[in-house]
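This report concerns only the one structure given below.
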Amino acid sequence: MNTKNEILLGQFIENRDELHQPDPKAISAILRAVERASERVHSVISRAGLADVLGAAGSENIQGEQVQKLDLFANDQFIESLESCNHIAAILSEENDEIISLNESGEYLFATDPLDGSSNIDVNISVGTIFSVFKRNQKGQPKKEEFHRHGYEQVVAGYVLYGTSTVLIYTCGNGVHAFTLEPSSGKFILTNEAIKTPQKGNIFSINEGNYKTLEKGIQNYIGYCKKLNDKGKRTHTARFMGSLVADFHRNLLKGGIFIYPATADAPKGRLRLLYECNPIAMIAEQAGGLATQGKERLLNIKAKEIHERTPFFTGSKVMMNKALSYLDE
Ligand code: AFP
């Protein structure tokens, strides 16, 4: 039972965020479905070593990546939970080649990476769920082309970070709000309202294993981050966990920049536009940061394929403008 001053996720949407919602009851129902699925994923992840849920499931997803057992478990939880909320017409998931139709009468579309960073599961590093919601612009049986939308059309964007605690972060375009899971009740409780990311920061997050395959401007920006100050001390610090949600969340709160550009292994970038970059970009902007594909605002991109990838830059405004100034070269 939550104490009187604890605000639950559903209450917050319907009582505090509703001024900015065309349909607060539906949005609240969708986020409560995310809450239910996330709680179930949390309960298994927190006991991963004890239950037979670690390791590979023996299959590959459309990305050609080894699917982990927990990827499939998480995917099933979100599909089941969203089907029962009756507001979702179709789900686009990283784990499924095609979209999954749920309720044809549903007014919304849901895109998700149900378990991002899953290569970290077996080594006990934080993983996350990323999700994005669009309002339908067609009736009838959903088709994958209905997901070919601009990022700025999202009505809800969020992620769940299964870390030292499990936090759910979302925005409906009225600021970024954080809720922390109280494991004993299985409920997410408001812990940080209207998060604003620092305008400046000194954390840069990029996989330097790709350094030699990066465009010159990005190499030069990395060189800038490694410069010493006039006292011979470092000016920046490098942090890269291989888990987008964990890297982004740290930079959101402390200030920083995350870059996953085009590389030799991923000439279009590695991260997916619709269910990784779009939601993170909406949160970044709502918190006062920036998110681009390179020079172009990421949310201005219109998806052409449901699993398309994109180069991704996001973070504190001052750091982003500095990084982008190197790209003009
Ligand atoms: P997995 O879900 O396959 O672990 O990939 C995680 C991810 O999509 C993203 O969370 C990381 O930032 C990025 O990949 C790391 O990619 P590299 O291993 O190529 O640096």
Side-chain angles (χ1 to χ4, degrees), residues 41 44-45 48 53-75 77-78 92-97 111-132 157-163 167 169 203-215 218-219 222 238-252 256-281 283-284 291-293 298 306-315 323:
V41 171
V44 171
I45 280 184
V53 292
L54 291 179
S59 62
E60 281 190 352
N61 62 17
I62 188 170
Q63 329 293 345
E65 293 160 346
Q66 271 300 314
V67 175
Q68 303 295 324
K69 289 175 187 171
L70 258 178
D71 284 321
L72 299 179
F73 172 79
N75 201 38
Q77 301 315 306
F78 282 92
L92 161 62
S93 169
E94 183 200 39
E95 299 308 329
N96 301 97
D97 299 357
T112 186
D113 180 356
L115 207 62
D116 177 72
S118 47
S119 56
N120 287 317
I121 292 168
D122 294 4
V123 292
N124 221 31
I125 288 176
S126 302
V127 293
T129 296
I130 313 173
F131 61 92
S132 168
Y159 59 81
V160 182
L161 176 59
Y162 308 98
V167 292
I169 306 277
I203 299 171
F204 69 106
S205 304
I206 186 168
N207 182 341
E208 287 201 59
N210 299 308
Y211 180 83
K212 288 201 181 304
T213 75
L214 301 180
E215 67 168 88
I218 300 173
Q219 289 181 340
I222 293 172
R239 288 282 186 279
F240 190 81
M241 293 181 66
S243 187
L244 168 62
V245 173
D247 281 318
F248 176 78
H249 188 69
R250 177 200 56 242
N251 294 355
L252 176 75
I257 188 169
F258 176 94
I259 303 174
Y260 206 112
T263 67
D265 289 352
K268 291 196 169 70
R270 174 186 169 113
L271 302 176
R272 293 75 153 184
L273 175 62
L274 277 167
Y275 43 77
E276 289 178 327
C277 300
N278 268 348
I280 296 291
I283 289 173
T292 69
Q293 181 181 55
L298 189 106
I306 54 174
H307 293 290
E308 78 179 73
R309 300 174 189 265
T310 176
F312 191 42
F313 299 68
T314 188

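Each ligand, and each atom within it, is numbered from 1 in the order the structure gives.
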Exercise for the section: Evaluate the side chain to side chain contact (heavy atoms under 4.5 Å, CB included) criterion for residues Leu161 and Ser126: first the C-alpha distance (whole Å), next the side-chain angles of each, then the deciding distance (0.1 Å), finally the verdict. Expected result: CA-CA 7 Å; Leu161 176 59; Ser126 302; 3.9 Å; yes
Practice task
Would you please test Leu271 and Phe258 for side chain to side chain contact (heavy atoms under 4.5 Å, CB included) and show each step?
Solution key: CA-CA 12 Å; Leu271 302 176; Phe258 176 94; 3.7 Å; yes
Practice task
Show your reasoning for whether side chain to side chain contact (heavy atoms under 4.5 Å, CB included) applies to Val41 and Val160.
Solution key: CA-CA 10 Å; Val41 171; Val160 182; over 6 Å; no
Exercise for the section: Just do the side chain to side chain contact (heavy atoms under 4.5 Å, CB included) check on Phe73 and Leu115 with the steps written out, would you? Expected result: CA-CA 9 Å; Phe73 172 79; Leu115 207 62; over 6 Å; no
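Near Phe240, with a cut-off below 4.0 Å to any heavy atom, the atoms of ligand 1 are 20 (O). Shown in contact with Gly242 at under 4.0 Å from a heavy atom are these atoms of ligand 1, numbered in order with element: 6 (C), 10 (O), 11 (C). Applying the 4.0 Å criterion to heavy atoms of Leu271 picks out, from ligand 1, the atoms 8 (O), 9 (C). Those atoms of ligand 1 that come under 4.0 Å of a heavy atom in Glu276, given as number and element, are 8 (O). Those atoms of ligand 1 with a heavy atom of Asn207 less than 4.0 angstrom away are 17 (P), 20 (O). In the vicinity of Ser118, heavy-atom distances shorter than 4.0 Å reach the ligand 1 atoms 1 (P), 2 (O), 4 (O). Taking a cut-off of under 4.0 Å to the non-hydrogen atoms of Ser243, the atoms of ligand 1 that pass are 10 (O).
Comparing Asp116, Leu244, Asp71 against atom 8 (O) of ligand 1, the shortest heavy-atom distance belongs to Asp116. When the heavy-atom distances from atom 3 (O) of ligand 1 to Arg309, Arg270, Arg272 are ranked, the shortest goes to Arg270.
Residue-level proximity to ligand 1 for Phe258 is carried by the side chain, the only part with a heavy atom below 4.0 angstrom.
Annotation: side chain of Val167 is in contact with side chain of His249 (closest heavy-atom distance under 4.5 Å). A 4.5 Å side-chain heavy-atom check between Asn278 and Leu273 finds at least one atom pair inside the cut-off. Residues Ile218 and Phe313 meet the side-chain proximity criterion, which asks for heavy atoms closer than 4.5 Å.
Aromatic ring orientation, Phe248 versus Tyr159: perpendicular (interplanar angle above 60°, classes split at 30° and 60°).
Looking at ligand 1, you won't find any N or O of Asn210 less than 3.5 Å from one of its N or O atoms. Below 3.5 Å of separation, one finds an N or O of Gly117 facing an N or O of ligand 1.
The side chain to side chain donor-acceptor pair (under 3.5 Å) search around Asn75 returns Ser93, Asn96, not counting sequence neighbours.
For the ligand labelled ligand 1, residue Met241 lies outside the 4.0 Å heavy-atom shell.
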